[in-house]
Engineer: 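First the structure, then my questions, so here it is.
Throughout, a chain's letter reflects where its sequence line sits, starting with A, and its residues are numbered from 1.
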Number of protein chains: 2
Amino acid sequence: MNISDAAKRTGLPAKTIRYYEQIDLISPTRGENGYRDFSFEDVQLLHFVRRARDLGFSVEDCRTLLGLYTDANRASAEVKSIAQNHLSEIDAKIEQLNAMRETLSHLVHCCDGDSRPTCPILQNLAGDSR
Amino acid sequence: MNISDAAKRTGLPAKTIRYYEQIDLISPTRGENGYRDFSFEDVQLLHFVRRARDLGFSVEDCRTLLGLYTDANRASAEVKSIAQNHLSEIDAKIEQLNAMRETLSHLVHCCDGDSRPTCPILQNLAGDSR
DNA sequence: TATTGACCTTCCAGTAGATGGAAGGTGCAG
DNA sequence: CTGCACCTTCCATCTACTGGAAGGTCAATA
């Protein structure tokens, strides 16, 4: 099938699929006219990558996971380890964002937000920690 | 003062400070030898940017905030609006990460993580939603 | 048959926000 | 005068795409 069909089936933009081929995540065959010809397996691999990306895995993690996915002799421990590392990163990001959120929402609540120049947000950014 | 002193005082890498000059966030003067010469005001502006970046504001937001900071006639409403928008973005990111976290931690708990190939994580990524 | 419009292709550039490194100038101590 | 720690600019690299230009292909219609 052509790239636009593969795009529809996977929910990935055609551009992104071309990019994934360029970085060797997938390798669809080519027809005589030079058009990419996606097999159902290609589409499945693209689906896999999409799911993994949606869960926040890096493209390099996706590459590794794809390798494990297509390796019938893999050990699930390897997969679990990658997932656990990623989970830790997510936790760290959440914590960081929560810290930002707390500070920022406090500042937003302190700011009158009117036409006057006095602004606790700017004061705080300027280093006035009151 | 030289760039390394400005770096120490602001906690920003010298490379980053040069970058901020390159994109016209700051404009330190130059000595006769071509070295950047940072005034205390320059350092304060860098501090301001660092704080704002730490709170997750984009560099473009920082540029706007710096402009408001140095404008004695600003309306605090403008600042508050930028901060509120940013806060919404942070909230959206947190929500997204929490969703990922939930799915992923469930999968990690379901995976034995041993030497056998059976792996619920891969099964899920492959589209098996059980 | 000619033409239109929707596909497809490659290639180049740009996004955010730095960061790394090379090549070379400067300043100061011993 | 030599060494070393600074400083400079410039160019490349990272992540994960995305946009757009220039041009080839295919199928339906006038």
Engineer: Near DNA chain C, counting only heavy atoms under 4.0 Å, which residues of residues 82-93 of chain A show up?
Structural biologist: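 The answer is none.
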Engineer: Would you kindly give the CD1-to-P distance between A:I17 and C:dC7, to the nearest whole Å?
Structural biologist: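 One finds 15 Å between P of C:dC7 and CD1 of A:I17, rounded.
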Engineer: Contact class for A:I23 vs. all strands (heavy atom < 4.0 Å): base, sugar-phosphate, or nothing?
Structural biologist: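 Answer is nothing: A:I23 stays at 4.0 Å or more from every strand.
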Engineer: How long is the line joining CZ of A:R18 and P of C:dC7, in whole Å?
Structural biologist: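 Result: 12 Å.
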Engineer: Under 3.5 Å, sequence neighbours excluded: what are the donor-acceptor pairs made by side chains of residues 48-57 of chain A?
Structural biologist:
{"residue": "A:R50", "atom": "NE", "partner": "A:T10", "partner atom": "O", "Å": "2.7"}
{"residue": "A:R50", "atom": "NH1", "partner": "A:D54", "partner atom": "OD1", "Å": "3.4"}
{"residue": "A:R50", "atom": "NH1", "partner": "A:D54", "partner atom": "OD2", "Å": "2.9"}
{"residue": "A:R51", "atom": "NH2", "partner": "B:N124", "partner atom": "OD1", "Å": "2.3"}
{"residue": "A:R53", "atom": "NH1", "partner": "A:F57", "partner atom": "O", "Å": "2.5"}

Engineer: Take nucleotides 11-19 of chain C nucleotide by nucleotide from the 5' end and write B, S or -, depending on whether a protein heavy atom sits under 4.0 Å from the base, only from the sugar-phosphate, or from neither.
Structural biologist: B-----BBS
Engineer: Output a table of nitrogen or oxygen pairs between the protein and nucleotides 1-6 of chain C separated by less than 3.5 Å.
Structural biologist:
none

Engineer: Once side chain to side chain donor-acceptor pair (under 3.5 Å) is applied, do any residues pair with B:R74, and if so which ones, sequence neighbours excluded?
Structural biologist: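 In terms of side chain to side chain donor-acceptor pair (under 3.5 Å), with neighbours along the sequence ignored, B:R74 is linked to no residue.
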Engineer: Run the side chain to side chain contact (heavy atoms under 4.5 Å, CB included) test against A:Q96 and tell me which residues pass, sequence neighbours left out.
Structural biologist: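 Residues passing side chain to side chain contact (heavy atoms under 4.5 Å, CB included) with A:Q96: A:M100.
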Engineer: Can you list everything that forms a side chain to side chain contact (heavy atoms under 4.5 Å, CB included) with A:A99? Sequence neighbours excluded, please.
Structural biologist: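 Side chain to side chain contact (heavy atoms under 4.5 Å, CB included) check on A:A99 returns nothing, list empty.
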Engineer: Specify the residues of residues 31-40 of chain A, ordered by number, for which at least one heavy atom lies under 4.0 angstrom from an atom of DNA chain C.
Structural biologist: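 Only A:G34, A:Y35, A:R36 qualify.
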Engineer: Need two values: the first and the last nucleotide of DNA chain D, 5' to 3', having an atom under 4.0 Å from any heavy-atom of chain B.
Structural biologist: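 Contact boundaries, 5' end first: D:dC6 to D:dC10.
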Engineer: Please compare B:E21 and B:K8 by the position of their nearest nucleotide in DNA chain D and report the one closer to 5'.
Structural biologist: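 It is B:K8 whose nearest nucleotide is closer to the 5' end.
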Engineer: Once side chain to side chain contact (heavy atoms under 4.5 Å, CB included) is applied, do any residues pair with A:Q44, and if so which ones, sequence neighbours excluded?
Structural biologist: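 If we apply the side chain to side chain contact (heavy atoms under 4.5 Å, CB included) test to A:Q44, skipping adjacent residues, the hits are A:Y69.
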Engineer: Return a table of donor-acceptor pairs under 3.5 angstrom between the side chains of residues 108-115 of chain B and protein atoms on other chains or two or more places apart.
Structural biologist:
{"residue": "B:H109", "atom": "ND1", "partner": "B:S105", "partner atom": "O", "Å": "2.7"}
{"residue": "B:D112", "atom": "OD2", "partner": "B:R116", "partner atom": "NH2", "Å": "3.3"}
{"residue": "B:D114", "atom": "OD1", "partner": "A:S76", "partner atom": "OG", "Å": "3.3"}
{"residue": "B:D114", "atom": "OD1", "partner": "B:R116", "partner atom": "N", "Å": "2.9"}
{"residue": "B:D114", "atom": "OD2", "partner": "B:R116", "partner atom": "NE", "Å": "2.8"}
{"residue": "B:D114", "atom": "OD2", "partner": "B:R116", "partner atom": "NH2", "Å": "2.6"}

Engineer: Using a strict cut-off of less than 4.0 Å between a Lys/Arg side-chain nitrogen and an Asp/Glu carboxylate oxygen, indicate whether B:E21 and B:R30 qualify as a salt bridge.
Structural biologist: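 So B:E21 pairs with B:R30 through a salt bridge.
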Engineer: Name the stems that DNA chain D belongs to, where each is three or more consecutive Watson-Crick or G-U pairs with both distances under 3.5 Å?
Structural biologist: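 For DNA chain D the paired stretches long enough to count as stems (3 pairs minimum) are C:1-30 with D:1-30.
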